[in-house]
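Lettering follows sequence order; numbering is per chain, from 1. As a basis for the values below, the full set of heavy atoms in this structure was taken, side chains included, without hydrogen atoms, waters or symmetry mates.
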Protein chains: 2
Amino acid sequence: MDKQSRHAAIKHIISHRLVGTQEDLRKALKSAGFGITQATLSRDLKDLGVARVNSPEGPKYVIHVESEERRLQSFIGLEIEQVDANESLVVVKTLPGRAQGVAEIIDSLHHPAILGTIAGDNTILVTPTSTKRNKEVMKLLQGLMMKKQVA
Amino acid sequence: MDKQSRHAAIKHIISHRLVGTQEDLRKALKSAGFGITQATLSRDLKDLGVARVNSPEGPKYVIHVESEERRLQSFIGLEIEQVDANESLVVVKTLPGRAQGVAEIIDSLHHPAILGTIAGDNTILVTPTSTKRNKEVMKLLQGLMMKKQVA
DNA sequence: CGCGGACATGTATAATTATACAAAAAAATG
DNA sequence: CATTTTTTTGTATAATTATACATGTCCGCG
């Protein structure tokens, strides 16, 4: 069997359809004329550096691009480490040195429940317009932090 | 236990070191003060959309960014503050210090109506391929600005 | 206050993936 | 060409991950 052709087929299949398990992929390969066992497929995926991702639509295999990792620090959801609140303020902990930048983004939301922010190095104090809206602000900011993917 | 803190710790750990199995990650979390079982960790990784990659150095967990272009647009909208134009240029105002980054994103669109960009601190000059396409470029960039998708 | 619902977690185990070992196939060598 | 070495593959199973089920916690409501 031609290993290169098989590798090309693997890349084609996972680029064009949602494939979540090796068994699914093995069957798709078989349909494409490449009959192999799970063991061989596992080795192929390793050779190809394929990634298995937990996506909103379930697990899926994707071609992994290294450079994607390097951009992760640009995104607010990954820069916010923790969101807490007391009765009158919401406190956001960020990666070191990112408080200012994250605070600016929070300000730019111009959210009606947010009065203002004060940022240090890795801590931001977010003031709600009313203590009654504290929870609302907190949920908003937690939503930012939890944003993992564009669904 | 505080799930948010734990998620932040997970993201921090896998961003800063090579972690290849859930058991390794579980131990790292335990060292960081988060004692959980493999089951809970599996759920966390699913929640976070983490990917497991076969890399040259062995398997590793990485923060997965689904699509670079789509993800960039999720946030660019928060960073563009204003879009204006005269007869020959479109001017984009950004958050302070973000002009370079936003300009890169605009460049990455490879839009046929955009010739190039020049970025300062919070201002980008966008040159259309023709003055006749000024309005088109302006609408495009205003469209980007309007994509404020949070939570 | 008690209750119900939502959420989170652990236990046990099913599902999925990786790999040791052996054999076969392909490539290299004299 | 025959032989040796390297690569590839399958089988069986170990390793790893995902999930069904049960339990505990927290919160809001009457």
Side-chain angles (χ1 to χ4, degrees), chain A residues 1-11 13-14 17-30 32-64 82-87 131-136 138-139 142-143 145-146 148, chain B residues 1-11 13-14 17-30 32-64 151:
Chain A
M1 180 178 295
D2 183 6
K3 187 170 169 182
Q4 283 196 3
S5 300
R6 197 172 71 232
H7 279 192
I10 289 169
K11 287 191 282 189
I13 292 167
I14 65 177
R17 49 191 284 199
L18 197 155
V19 179
T21 65
Q22 288 182 0
E23 184 57 21
D24 287 343
L25 183 49
R26 195 189 65 78
K27 285 174 182 170
L29 279 167
K30 190 176 172 73
F34 299 92
I36 56 169
T37 62
Q38 178 272 323
T40 300
L41 180 51
S42 180
R43 293 185 191 108
D44 281 351
L45 295 175
K46 180 175 180 177
D47 291 344
L48 289 168
V50 165
R52 188 164 185 254
V53 184
N54 285 300
S55 74
E57 312 90 51
K60 68 179 177 181
Y61 284 100
V62 300
I63 306 293
H64 181 67
Q82 188 170 341
V83 181
D84 291 305
N86 63 15
E87 299 83 11
T131 54
K132 287 179 189 148
R133 306 188 78 169
N134 228 29
K135 181 165 284 187
E136 179 184 350
M138 185 167 164
K139 283 186 191 289
Q142 282 176 333
M145 179 173 75
M146 292 297 183
K148 354 181 217 311
Chain B
M1 180 179 294
D2 184 5
K3 187 171 170 183
Q4 291 179 40
S5 300
R6 197 173 70 230
H7 280 194
I10 289 168
K11 287 189 280 188
I13 291 167
I14 65 179
R17 51 191 281 196
L18 198 157
V19 179
T21 64
Q22 289 181 0
E23 184 57 19
D24 287 342
L25 183 49
R26 194 190 65 78
K27 284 176 182 169
L29 279 166
K30 189 175 173 71
F34 300 92
I36 55 169
T37 61
Q38 178 271 321
T40 300
L41 179 53
S42 181
R43 293 183 189 109
D44 281 351
L45 295 176
K46 181 174 177 177
D47 290 343
L48 290 169
V50 165
R52 189 167 186 250
V53 185
N54 285 301
S55 75
E57 314 87 53
K60 69 176 177 182
Y61 285 99
V62 300
I63 306 290
H64 180 68

**Message:** Is B:Y61 close enough to D:dT16 that one of its side-chain N or O atoms is under 4.0 Å from OP1 or OP2 there?
**Reply:** no

**Request:** May I ask you to list the residues of residues 38-48 of chain A, by number, that have any heavy atom positioned under 4.0 Å from an atom of DNA chain C?
**Result:** A:Q38, A:A39, A:S42, A:R43, A:K46

**Prompt:** To the nearest angstrom, how far is A:R26 atom CZ from C:dT17 atom P?
**Reply:** 12 Å

**Fill in**
Angle separating the five-pair end axes of the helix from C:dC1-D:dG30 to C:dG30-D:dC1, nearest 10°, is 30°

**Message:** Between A:K11 and A:V50, is there a side-chain heavy-atom distance shorter than 4.5 Å?
**Reply:** no

**Prompt:** In whole angstroms, how far is the C1' atom of C:dA8 from the CZ atom of B:F34?
**Reply:** 15 Å

**Asked** Closest heavy-atom contact between B:I14 and B:V62?
**Response** CD1-C, 4.1 Å

**Fill in**
All heavy atoms of B:F34 vs all of B:A9, minimum pair found to be CE1-CB, 3.5 Å

**Among A:L25, A:V19, A:D24, side chain to side chain contact (heavy atoms under 4.5 Å, CB included) partner for A:T21** = A:D24

**Prompt:** Given atom NZ of A:K3 and atom C1' of C:dA26, what is their separation to the nearest angstrom?
**Reply:** 12 Å

**Item:** Side-chain touch A:S42/A:K46, heavy atoms, less than 4.5 angstrom
**Value:** no

**Message:** Looking at every heavy atom in both B:L18 and B:P59, which two are closest together, and how far apart are they?
**Reply:** CD2-O, 3.7 Å

**Item:** N/O (side chain, A:R6) to phosphate O (OP1/OP2, D:dT9) under 4.0 Å
**Value:** yes

**Asked** Could you state the CG-C1' distance from B:D24 to D:dA15, rounded to the nearest angstrom?
**Response** 12 Å

**Prompt:** Rounded to the Å, how far apart are A:Q22 CD and D:dG10 P?
**Reply:** 14 Å

**Message:** My understanding is that only residues two or more places apart in sequence, or in another chain, count here; which of them pass side-chain contact (heavy atoms from CB on, under 4.5 Å) with A:A39?
**Reply:** A:T37, A:R43

**Request:** Let me know the distance between CD1 of A:I36 and C1' of C:dA24, rounded to the nearest Å.
**Result:** 17 Å

**Prompt:** Do the side-chain N or O atoms of B:N54 get closer than 4.0 angstrom to the phosphate oxygens (OP1, OP2) of C:dT17?
**Reply:** no

**Interatomic distance, A:E23 CD vs C:dT17 P [rounded to whole Å]** = 9 Å

**Request:** Could you state the atom-to-atom distance from CD1 of B:I10 to P of D:dT17 in whole Å?
**Result:** 13 Å

**Fill in**
A:R26 and A:Q38 have their tightest heavy-atom pair at CD-N, 3.8 Å

**Message:** Does any part of the side chain of A:R52, heavy atoms only, come nearer than 4.5 Å to the side chain of A:L45, both counted from C-beta?
**Reply:** no

